[in-house]
Amino acid sequence: MTVDICQKSCKVVKKLIQEIFSTMATSAEDKSSNFLRQFRDLKTREFKLLSAQQFMEVWNHYDTDGNGFIEGSELDSFLTQLVTSINSQDIGPEVVSPTALMDAKTLLMNAFDENSDGKIDIAELAQILPTEETFLLLFRRDNPLESSVEFMKVWREFDKDRSGYIEADELKNFLLHLLKQSKRDNDVSEEQLITYTDTVLQLFDRNKDGKLQLSEMAKLLPVKENFLCRPVFKSASKLTKDDIDKVFRLYDRDNSHYIENEELNGFLKDLMDLVEEDYDEADLIQCREALLRDCDQNHDGKIDYNELRMLLMSYNQVSIDNPGFEQEDSS
């Protein structure tokens with residue numbers, strides 16, 4: 001796995017270098033400002049394998065606003081230094097022309113921006129830079145969960161104290177579980193596991209409260225697709241019975257003909273992902289209470305097919321009347 005990622009990374013970086021080096025100039029600024037140079041091998045100029053701690057240092061250096069993405073000017077800075085760090089001579093940094101930078105950014109994003117949002121997230125950076133394999137496994141890029149229903153089941157399993165958060169000891173148990181699934185738990189010492197736990201917590205704990213809330217854990221544990229992000233659900237006129245059938249089957253995992261318990265929580269998580277960037281379990285509970293109050297016509301604490309149909313039609317109408325309702329247009 002690591003070999004494939006390194007080969008992919010090297011191929012893209014070499015192509016970037018070919019595109020950019022012909023347009024480079026020099027300036028008198030101190031070249032030590034290139035943060036990535038320290039992670040290259042002095043002889044081969046290839047990137048060395050980054051430890052979990054080094055990976056976190058790189059992330060924190062470029063995600064200057066701490067919003068969980070490398071984007072805009074952060075992305076320009078990262079891309080420029082990614083390419084120019086190959087030069088070992090301490091003679092001043094290369095200045096990349098805007099045209100060459102745009103071309104290089106296009107190449108990089110086409111190769112590594114998996115969700116096509118124009119940003120680099122933590123897991124995508126782990127694909128760009130060679131990172132120790134056992135740490136890379138924790139991002140589950142090759143094995144996402146089937147749906148948010150499975151996510152909520154995992155959340156419930158590891159939130160042992162039912163606090164509504166995944167705290168450090170619970171996170172450690174979760175990461176150990178991931179390593180056991182990959183049969184790599186024997187490759188990681190207790191000290192490494194503690195380091196991984198601290199690193200993951202620092203990377204994903206956006207509000208810095210020392211624990212992971214629901215939305216933060218969702219970044220660490222991705223699902224294959226938020227089905228509700230599909231364009232069809234933003235147009236009530238195009239929504240068909242087949243579309244509603246697919247949604248109902250997606251969340252009715254036990255085929256009980258009801259969406260209930262963690263199935264309902266998974267559905268609500270997907271809804272919240274459309275409109276909220278930061279949310280915790282208390283927000284989900286509040287959303288659940290509001291949904292059942294407004295949509296659960298027979299007051300059985302579940303959502304049946306007809307109730308889901310009315311809910312989706314209502315949501316779509318809100319989307320049509322308020323085009324800016326969704327934060328992102330994911331297709």
Side-chain angles (χ1 to χ4, degrees), residues 1-21 24 26-27 29-66 68-96 100-101 104-105 107-109 111-114 119-139 141 187-189 191-192 194-204:
M1 180 178 177
T2 301
V3 172
D4 292 340
I5 291 171
C6 288
Q7 289 176 341
K8 181 180 179 184
S9 177
C10 289
K11 184 177 180 181
V12 172
V13 171
K14 287 177 181 177
K15 190 173 183 180
L16 290 173
I17 293 170
Q18 287 178 336
E19 293 286 331
I20 289 179
F21 261 77
M24 285 184 176
T26 59
S27 73
E29 187 180 337
D30 183 3
K31 190 150 182 140
S32 63
S33 61
N34 190 314
F35 185 76
L36 289 176
R37 179 169 292 108
Q38 62 185 301
F39 303 111
R40 286 191 180 273
D41 185 274
L42 292 175
K43 294 182 178 179
T44 67
R45 304 311 300 161
E46 299 288 350
F47 277 110
K48 296 177 287 187
L49 201 63
L50 269 63
S51 68
Q53 182 65 32
Q54 289 170 328
F55 178 85
M56 184 182 68
E57 290 174 6
V58 172
W59 177 262
N60 289 336
H61 180 81
Y62 291 102
D63 180 26
T64 56
D65 59 6
F69 298 98
I70 297 176
E71 57 184 332
S73 60
E74 299 169 341
L75 184 57
D76 291 344
S77 175
F78 169 73
L79 177 57
T80 303
Q81 295 194 9
L82 176 69
V83 176
T84 60
S85 63
I86 196 171
N87 193 333
S88 61
Q89 297 178 5
D90 192 18
I91 57 174
E94 297 82 358
V95 178
V96 182
L101 181 61
K105 182 191 291 187
L107 287 170
L108 183 78
M109 300 305 279
F112 295 105
D113 183 19
E114 297 177 358
K119 314 170 187 177
I120 294 296
D121 63 27
I122 294 171
E124 289 166 344
L125 181 67
Q127 306 299 315
I128 297 172
L129 298 176
T131 309
E132 57 182 279
E133 185 173 3
T134 48
F135 182 64
L136 197 60
L137 288 171
L138 305 180
F139 294 106
R141 301 303 279 191
D187 298 339
V188 178
S189 67
E191 184 178 355
Q192 280 180 296
I194 292 173
T195 298
Y196 287 175
T197 302
D198 291 342
T199 302
V200 168
L201 192 58
Q202 291 183 58
L203 286 171
F204 290 91

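Counting from 1, the numbers follow the sequence of the chain as shown.
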Run the side-chain donor-acceptor check on residues 50-58: report pairs under 3.5 Å with partners two or more places apart or on a different chain.
residue, atom, partner, partner atom, Å
Ser51, OG, Gln54, N, 3.2
Ser51, OG, Gln54, OE1, 3.4
Gln54, OE1, Ser51, N, 2.9

TODO: State whether the side chain of Glu74 and the backbone N or O of Asp65 hold a donor-acceptor pair below 3.5 Å, judged by distance alone.
DONE: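 Judged by distance alone, yes, a pair lies under 3.5 Å.
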- [ ] Using modelled atom types only, decide if a donor and an acceptor are shared between the side chain of Glu124 and the backbone of Asp121 within a distance under 3.5 Å.
- [x]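 Judged by distance alone, yes, a pair lies under 3.5 Å.
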For the [atom1] atom of [X] and the [atom2] atom of [Y], what is their distance to the nearest 0.5 Å?
X      : Y      : atom1 : atom2 : answer
Thr80  : Leu75  : OG1   : CG    : 9.0 Å
Leu203 : Trp59  : CG    : CH2   : 8.0 Å
Thr131 : Leu138 : OG1   : CG    : 11.0 Å
Ser85  : Arg45  : OG    : CZ    : 7.0 Å
Phe47  : Arg37  : CZ    : CZ    : 10.0 Å
Thr84  : Asn34  : OG1   : CG    : 4.5 Å

Residue pair [X] / [Y], side-chain heavy-atom distance below 4.5 Å:
X      : Y      : value
Leu36  : Phe78  : yes
Phe135 : Val188 : no
Tyr62  : Ile120 : no
Asp63  : Glu71  : no

TODO: Describe, in one word, how the ring planes of His61 and Phe35 are oriented to each other, choosing from parallel (under 30°), tilted (30 to 60°) and perpendicular (over 60°).
DONE: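 His61 and Phe35: parallel rings.
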- [ ] Could I get the full list of salt bridge (Lys or Arg N to Asp or Glu O under 4.0 Å) partners for Asp76, not counting sequence neighbours?
- [x]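 For Asp76 the salt bridge (Lys or Arg N to Asp or Glu O under 4.0 Å) partners, ignoring immediate neighbours, are Lys105.
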Task: Asp187: salt bridge (Lys or Arg N to Asp or Glu O under 4.0 Å) partners, not counting sequence neighbours - done: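 Once residues adjacent in sequence are excluded, the partners of Asp187 under the salt bridge (Lys or Arg N to Asp or Glu O under 4.0 Å) criterion are Arg184.
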TODO: Only counting residues at least two apart or in another chain, list the ones meeting side chain to side chain contact (heavy atoms under 4.5 Å, CB included) with Thr44.
DONE: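 With neighbours one apart ignored, the set is Asp41, Glu46.
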